[in-house]
K.L.:
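To start, I am sharing the structure in question, which I have written as structure tokens.
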Amino acid sequence: MKSTIATIIAGIAATFAAQAQAQAQAQAQAQAPRAALSPMRIDVAGVRLGMPIGQVRTALAAASYACRPFGNEADFAARVAAEVKSRTRARGAVPYTTGTMQFDCRGPNAEGLTVTFAQVRTGSIVDGYSLNIDGRTVDLPALRRQLTARYGRRTVGTDLRGSWCDAGYPCGESIVFTQGPTVIIDTSTGVSINATRGVRAEKADDAAVMAAADGLVPKKTRAAF
């Protein structure tokens with residue numbers, strides 16, 4: 001009988017120990033920051049890299065941002081037409097259709113947001129964005145915790161300034177000349193969030209224009225002498 005009671009007690013103790021260990025592991029996993037979110041999935045006021053301009057307008061209106069377009073530039077069709085004209089040396093003006101260069105926006109709490117666009121075959125898409133918030137208007141330590149919870153661990157950097165990147169290219173702390181999609185968040189004295197699709201995307205856009213022009217007027221190959 002004593003042996004049976006001891007066995008039961010030992011079983012209960014083992015069960016409690018296993019439950020405590022499982023709970024401790026669950027708490028540790030909950031407290032550990034998750035892996036970094038891809039820069040293409042990080043959003044500011046609902047705006048993400050690569051998003052079509054129509055969706056950008058909808059997202060910013062829903063977030064109560066007041067925006068105005070600034071500047072126009074040649075859209076995809078106009079760029080192709082210009083390349084074809086250059087190859088054929090045709091006379092006359094290139095049919096010029098416009099693509100939106102950027103939006104300048106003001107948020108409901110005086111946030112400043114600039115969204116820049118790239119011109120691709122399907123229209124204007126988000127090439128980059130820059131959000132600035134006065135550090136005196138937010139609780140910076142609390143915001144840093146929220147950013148980590150929302151976007152996961154930064155790829156490089158610190159709590160004060162970090163970069164989120166995808167795999168396959170160097171991830172640095174400068175937005176200039178970055179190769180792939182990158183988001184840099186600086187909360188040292190205020191809030192600054194800057195994002196870009198990167199140089200590779202820009203080169204891919206140019207290559208798409210050249211390919212479309214090739215379909216209309218193939219480039220002449222030069223003879224080697």
Side-chain angles (χ1 to χ4, degrees), residues 30-65 67 100-118 120 122-135 137-205:
Q31 293 173 356
R34 59 193 178 96
L37 199 63
S38 167
M40 300 298 291
R41 295 179 58 196
I42 291 176
D43 76 275
V44 166
V47 175
R48 298 187 307 277
L49 293 172
M51 178 180 280
I53 191 170
Q55 294 181 19
V56 172
R57 290 193 182 98
T58 300
L60 291 173
S64 299
Y65 274 70
C67 303
T100 301
M101 184 180 296
Q102 70 183 50
F103 284 166
D104 292 329
C105 308
R106 183 66 60 179
N109 298 304
E111 306 94 330
L113 173 64
T114 298
V115 182
T116 57
F117 295 94
V120 299
T122 57
S124 300
I125 63 170
V126 176
D127 187 49
Y129 54 78
S130 177
L131 175 72
N132 291 285
I133 304 174
D134 189 333
T137 65
V138 294
D139 182 341
L140 290 176
L143 179 64
R144 293 179 190 119
R145 292 191 295 270
Q146 293 170 7
L147 290 171
T148 300
R150 183 173 182 179
Y151 300 145
R153 293 190 306 270
R154 67 204 66 76
T155 310
V156 298
T158 67
D159 287 344
L160 298 182
R161 180 181 173 86
S163 302
W164 280 254
C165 306
D166 285 330
Y169 55 93
C171 185
E173 296 185 17
S174 173
I175 208 73
V176 180
F177 302 128
T178 182
Q179 290 298 305
T182 302
V183 174
I184 298 178
I185 301 179
D186 189 323
T187 59
S188 53
T189 58
V191 181
S192 173
I193 303 179
N194 294 284
T196 180
R197 291 190 305 145
V199 174
R200 291 181 182 178
E202 181 181 350
K203 290 182 178 179
D205 294 344

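Just so you know, these numbers come straight off a predicted model, no measurement behind them. Positions are given from 1, in the same order as the sequence printed here.
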K.L.:
Is any NZ, NE, NH1 or NH2 atom of the basic residue among Arg154 and Asp159 found under 4.0 Å from an Asp or Glu carboxylate oxygen of the other?
P.N.:
yes
K.L.:
So which heavy atom on Pro108 is nearest to which on Ser64, and how close?
P.N.:
CD-O, 3.5 Å
K.L.:
Which residues pass the side chain to side chain donor-acceptor pair (under 3.5 Å) test with Asn194, not counting sequence neighbours?
P.N.:
Ser130, Ser192
K.L.:
I want to check something: taking the side chain as every heavy atom from C-beta on, are Arg144 and Thr148 in contact at a cut-off of under 4.5 Å?
P.N.:
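The answer is no; the side chains never approach within 4.5 Å.
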K.L.:
Over all heavy atoms of both residues, which pair between Gly180 and Thr182 is shortest? Give the atoms and the distance, please.
P.N.:
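Smallest heavy-atom distance, with atoms named: O-OG1, 3.0 Å.
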K.L.:
Any chance you could measure Ile125, atom CD1, to Met51, atom CE, to the nearest 0.5 Å?
P.N.:
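Ile125 CD1 to Met51 CE: 11.5 Å, rounded to 0.5 Å.
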K.L.:
Using a 4.5 Å cut-off on heavy atoms from C-beta on, say whether the side chain of Tyr129 contacts that of Val183.
P.N.:
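Counting from C-beta outward, Val183 and Tyr129 do come under 4.5 Å.
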K.L.:
Evaluate the side-chain proximity of Ser38 to Asp166: yes if any heavy-atom separation is below 4.5 Å, no if none is.
P.N.:
yes
K.L.:
Under 4.5 Å between any side-chain heavy atoms of Tyr65 and Val47, yes or no?
P.N.:
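No, their side chains stay 4.5 Å or more apart.
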K.L.:
Looking only at heavy atoms, which two atoms of Cys105 and Leu60 are closest? And how far apart?
P.N.:
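Taking Cys105 first and Leu60 second, the nearest heavy atoms are SG-CD1, 3.8 Å.
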K.L.:
Answer whether the closest heavy-atom distance between the side chains of Ile184 and Thr178 falls below 4.5 Å.
P.N.:
no
K.L.:
Work out which heavy atom in Arg48 is nearest to a heavy atom in Met40; give both atom names and the distance.
P.N.:
CD-O, 3.6 Å
K.L.:
List the residues meeting salt bridge (charged side-chain N to carboxylate O under 4.0 Å, His left out) with Arg41, not counting sequence neighbours, and say none if there are none.
P.N.:
none
K.L.:
Report yes or no: does Ser188 contribute a side-chain atom to a donor-acceptor pair with the main-chain N or O of Leu160 at less than 3.5 Å?
P.N.:
no
K.L.:
Working to the nearest 0.5 angstrom, can you tell me the gap between Leu113 CG and Ile133 CD1?
P.N.:
9.5 Å
K.L.:
State the CD1-OG1 distance between Ile53 and Thr100, to the nearest 0.5 angstrom.
P.N.:
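Going from CD1 on Ile53 over to OG1 on Thr100, the span is 3.5 Å.
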K.L.:
Is it the case that the side chain of Thr155 and the backbone of Cys165 share a donor-acceptor pair, with hydrogens and angles ignored and the cut-off at 3.5 Å?
P.N.:
yes
K.L.:
Answer yes or no: is there a side-chain heavy-atom contact under 4.5 Å between Ser163 and Val156?
P.N.:
yes
K.L.:
Go through it in stages, so that I can follow the logic: the residues are Leu140 and Val191, the test is side-chain contact (heavy atoms from CB on, under 4.5 Å), and I'd like the CA-CA distance, side-chain angles, deciding distance and then a yes or no.
P.N.:
CA-CA 8 Å; Leu140 290 176; Val191 181; 3.8 Å; yes
K.L.:
To the nearest 0.5 Å, what is the distance between CZ on Phe103 and CZ on Phe117?
P.N.:
4.0 Å
K.L.:
Can you sort out the partners of Asp104 under side chain to side chain contact (heavy atoms under 4.5 Å, CB included), two or more places apart, ordered by chain and number?
P.N.:
Arg68, Phe70, Gln102, Thr114
K.L.:
Please evaluate residues Arg197 and Asp205 with respect to the criterion side-chain contact (heavy atoms from CB on, under 4.5 Å), reporting the C-alpha separation (whole Å), side-chain torsions for both, the decisive distance (0.1 Å), and the verdict.
P.N.:
CA-CA 11 Å; Arg197 291 190 305 145; Asp205 294 344; 2.5 Å; yes
K.L.:
Quick one: CD on Glu202 to OG1 on Thr196, what's the gap to the nearest 0.5 Å?
P.N.:
8.5 Å
K.L.:
Distance check, rounded to the nearest 0.5 Å: Asp43 atom CG versus Ile193 atom CD1?
P.N.:
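Spacing of CG (Asp43) from CD1 (Ile193) equals 9.5 Å.
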K.L.:
Write down the atom of Arg153, the atom of Trp164, and the distance for their closest heavy-atom approach.
P.N.:
O-NE1, 3.5 Å
